[in-house]
Amino acid sequence: MAAPDLERRSKEEMRLLDLGGHVGFDSLPDQLVSKSVSQGFSFNILCVGETGIGKSTLMNTLFNTIFETEESGHYEACVRLRPRTYDLQESNVHLKLTIVDAVGFGDQINKDERPIVDYIDTQFENYLQEELKIQRSLFDYHDTRIHVCLYFITPTGHSLKSLDLVTMKKLDSKVNIIPIIAKADTISKSELHKFKNKIMNELDKNGVQIYQFPTDDEAVAEINAVMNAHLPFAVVGSTDEVKVGNKLVRARQYPWGIVQVENESHCDFVKLREMLIRVNMEDLREQTHNRHYELYRRHKLEEMGFQDTAAESKPISLQETYETRRKEFLCELQKKEEEMRQMFVNKVKETELELKEKEKELHERFETLKRTHQEEKRKVEEKRRQLEEEKIAFNRRKAAVETMQAQALQVTSQQPLRRDKDKKN
Ligand code: GTP
Ligand code: MG
């Protein structure tokens with residue numbers, strides 16, 4: 001039976017019944033609240049904005065405390081993400097708050113948004129890995145996924161920098177972005193109005209999706225719709241307290257006057273706190289899980305070869321996908337093995353051929369050398385024989401000369417005797 005038919009039938013079979021008396025499942029929402037409260041909540045904020053734009057001051061102002069912070073230098077070699085986690089408690093609600101600073105962003109040549117994107121993805125990946133474990137502990141898992149990115153815009157009054165547009169575009173499918181104009185006390189009221197419009201036009205023109213406060217829940221629809229029109233919020237941060245009338249208020253004091261952080265005619269700080277913490281914190285957490293994380297998870301699982309439906313929209317189970325992938329992997333492995341074996345055989349053959357060639361060469365050289373050597377030897381033999389003959393001839397001549405010399409000596413020695421004899425006669 002086709003899936004829509006099944007759905008229709010099950011709807012037809014479901015009948016509305018009246019209860020005879022109080023059963024008690026109307027306490028479910030209370031049970032849910034009490035369970036969530038005892039479990040505690042986690043909320044993770046990513047602050048992106050150039051060094052010294054007022055990120056830490058705003059965090060301190062928002063949560064009315066002093067978080068440990070260290071100033072960043074303007075000469076960081078690259079953009080570095082610095083997460084700090086704090087346990088906060090208000091009434092009986094525990095909040096595990098993580099503030100992540102994108103240190104060095106926008107400085108010098110640090111125009112690269114990749115470390116920020118990678119950080120967000122790593123938190124999604126960690127969660128996915130926990131989900132995929134056989135023994136999951138999602139209940140006490142410290143969820144570090146970024147729920148909101150507060151993007152601090154420099155109050156130039158001009159237009160957005162291209163770095164801001166590029167970065168927000170890269171982040172908008174991964175995180176809920178709330179753009180804010182920082183240090184809004186440094187820009188005049190009329191300029192601010194124009195600046196806000198310009199920013200929203202530019203974001204719209206470049207297709208940057210910023211977080212929209214939800215208007216589907218009746219209880220908050222009205223306020224959220226009004227607040228959406230005020231984006232981007234122009235905020236002022238300060239933890240200094242100044243006496244105004246007979247009240248101490250957080251403000252920035254200047255020689256010409258006081259800028260009150262929580263005065264809505266001075267800046268949008270209250271609007272931001274209302275929207276971020278008091279009204280939409282849970283929606284930001286939900287959007288992170290249902291939209292951004294879901295997108296990451298889907299891409300990741302598709303990348304791994306998983307799919308919900310096969311050809312002809314037939315549902316395909318995880319087990320089937322796993323088996324198919326396993327078979328594909330084994331086939332691929334076998335193919336690779338065969339390729340490597342063939343490569344090895346070819347290599348051996350090539351080497352064998354080369355060796356044979358070398359052996360032949362050597363043999364030829366040996367033969368040539370042998371022939372040369374024999375030729376030399378023959379020449380030397382010939383020379384020796386000639387010398388031998390010359391030696392014999394020489395000795396013969398020498399002997400003849402010696403005989404002749406001896407005879408001549410004998411003749412010369414007999415001649416005086418004959419002369420003496422002749423004289424006597
Ligand atoms: P790094 O963490 O070093 O990047 O700086 P940061 O962005 O955290 O800025 P931080 O909060 O340390 O503030 C830097 C300076 O700006 C301090 O002197 C603050 O007093 C000042 N500052 C912060 N917020 C505001 C503001 O709303 N208006 C004005 N005029 N100055 C502000
Ligand atoms: Mg700081």
Side-chain angles (χ1 to χ4, degrees), residues 29-49 54-70 72 80-103 115-133 135-152 171 174-178 180 211 213-214 220 235 237 239 269 272-294 296-297:
D30 299 333
Q31 292 174 35
L32 207 67
V33 169
S34 118
K35 196 166 177 196
S36 300
V37 166
S38 70
Q39 195 185 335
F41 300 89
S42 70
F43 192 64
N44 308 318
I45 304 176
L46 168 68
C47 294
V48 180
K55 302 182 287 291
S56 306
T57 311
L58 188 75
M59 287 301 111
N60 291 343
T61 321
L62 269 175
F63 290 93
N64 213 352
T65 185
I66 304 286
F67 297 113
E68 35 156 355
T69 49
E70 54 195 71
S72 324
R80 167 169 68 84
L81 280 292
R82 187 179 54 200
R84 296 257 161 87
T85 303
Y86 309 90
D87 262 319
L88 307 179
Q89 188 181 354
E90 193 172 43
S91 310
N92 60 340
V93 178
H94 287 269
L95 182 71
K96 199 178 255 190
L97 176 73
T98 301
I99 299 173
V100 186
D101 246 330
V103 180
I116 304 175
V117 174
D118 289 349
Y119 181 87
I120 295 172
D121 279 348
T122 308
Q123 311 319 308
F124 283 149
E125 183 60 30
N126 292 347
Y127 192 85
L128 181 64
Q129 288 305 324
E130 189 60 36
E131 260 192 347
L132 293 176
K133 274 186 190 169
Q135 243 183 328
R136 303 185 295 179
S137 52
L138 287 171
F139 180 74
D140 51 9
Y141 174 79
H142 179 203
D143 186 2
T144 54
R145 292 172 300 173
I146 299 294
H147 298 116
V148 66
C149 164
L150 291 182
Y151 197 96
F152 290 69
L171 297 182
K174 296 184 175 290
V175 68
N176 301 310
I177 302 176
I178 300 184
I180 50 180
Y211 174 71
F213 304 118
V220 290
V235 296
T239 46
F269 172 81
L272 173 69
R273 186 179 60 194
E274 199 72 9
M275 289 293 98
L276 178 71
I277 302 173
R278 301 185 180 175
V279 179
N280 295 306
M281 196 183 246
E282 184 49 25
D283 185 69
L284 285 161
R285 285 160 34 91
E286 263 178 38
Q287 293 278 333
T288 303
H289 185 74
N290 298 340
R291 211 170 108 218
H292 302 300
Y293 171 66
E294 206 53 32
Y296 177 86
R297 183 180 166 278

* Pair listing, salt bridge (charged side-chain N to carboxylate O under 4.0 Å, His left out) test, anchored in residues 86-100, at least two apart -> none

Pairs of donor and acceptor atoms involving the side chains of residues 143-151, under 3.5 Å and at least two apart or interchain, shall be tabulated with distances.
{"from": "D143", "atom 1": "OD1", "to": "R145", "atom 2": "N", "distance (Å)": "3.1"}
{"from": "D143", "atom 1": "OD1", "to": "R145", "atom 2": "NE", "distance (Å)": "2.8"}
{"from": "D143", "atom 1": "OD2", "to": "R145", "atom 2": "NE", "distance (Å)": "3.2"}
{"from": "D143", "atom 1": "OD2", "to": "R145", "atom 2": "NH2", "distance (Å)": "2.7"}
{"from": "T144", "atom 1": "OG1", "to": "Q123", "atom 2": "OE1", "distance (Å)": "2.7"}
{"from": "R145", "atom 1": "NH1", "to": "H289", "atom 2": "ND1", "distance (Å)": "2.9"}
{"from": "R145", "atom 1": "NH2", "to": "H289", "atom 2": "ND1", "distance (Å)": "3.4"}
{"from": "H147", "atom 1": "ND1", "to": "N44", "atom 2": "N", "distance (Å)": "2.9"}
{"from": "Y151", "atom 1": "OH", "to": "D164", "atom 2": "OD1", "distance (Å)": "2.6"}

* **Residues F63, I45; criterion side chain to side chain contact (heavy atoms under 4.5 Å, CB included); working and verdict** => CA-CA 12 Å; F63 290 93; I45 304 176; 3.8 Å; yes

* For N64, what residues pass the side-chain hydrogen bond (donor to acceptor under 3.5 Å, both in side chains) criterion, not counting sequence neighbours? -> R250

* Structure fact -> Separation between CE (M281) and CG (L276), nearest 0.5 Å, reads 6.0 Å

Within the structure provided, determine whether [X] and [Y] are in side-chain contact (heavy-atom separation under 4.5 Å).
{"X": "Y293", "Y": "E131", "value": "yes"}
{"X": "V235", "Y": "F152", "value": "no"}
{"X": "I116", "Y": "L81", "value": "yes"}
{"X": "T85", "Y": "H142", "value": "yes"}

* Asked: Stepwise, does the side chain to side chain contact (heavy atoms under 4.5 Å, CB included) test hold for V48 with I177?
  -> CA-CA 10 Å; V48 180; I177 302 176; over 6 Å; no

* Is K55 reaching over with its side chain to a backbone N or O of G49, donor-acceptor style, under 3.5 angstrom? -> yes

* Should R297 and Y127 be marked as a side chain to side chain contact (heavy atoms under 4.5 Å, CB included) after you check the CA-CA gap, both sets of side-chain angles, and the distance that decides it? -> CA-CA 10 Å; R297 183 180 166 278; Y127 192 85; over 6 Å; no

* **By ring pair (Phe, Tyr, Trp, His ring centres under 6.0 Å) - contacts of F41 (at least two apart)** => none

* What residues form a side-chain contact (heavy atoms from CB on, under 4.5 Å) with T122, not counting sequence neighbours? -> N126

* Pairs in or reaching into residues 272-284: which pass side chain to side chain donor-acceptor pair (under 3.5 Å), with residues at least two apart or in two chains? ->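 As it turns out, the side chain to side chain donor-acceptor pair (under 3.5 Å) pairs with a partner in residues 272-284, which skip direct neighbours, are Y211-D283, N224-N280, E262-R273, E282-R285.
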
* When you look at H292 and I120, which way does the side chain to side chain contact (heavy atoms under 4.5 Å, CB included) test go after all the steps? -> CA-CA 10 Å; H292 302 300; I120 295 172; over 6 Å; no

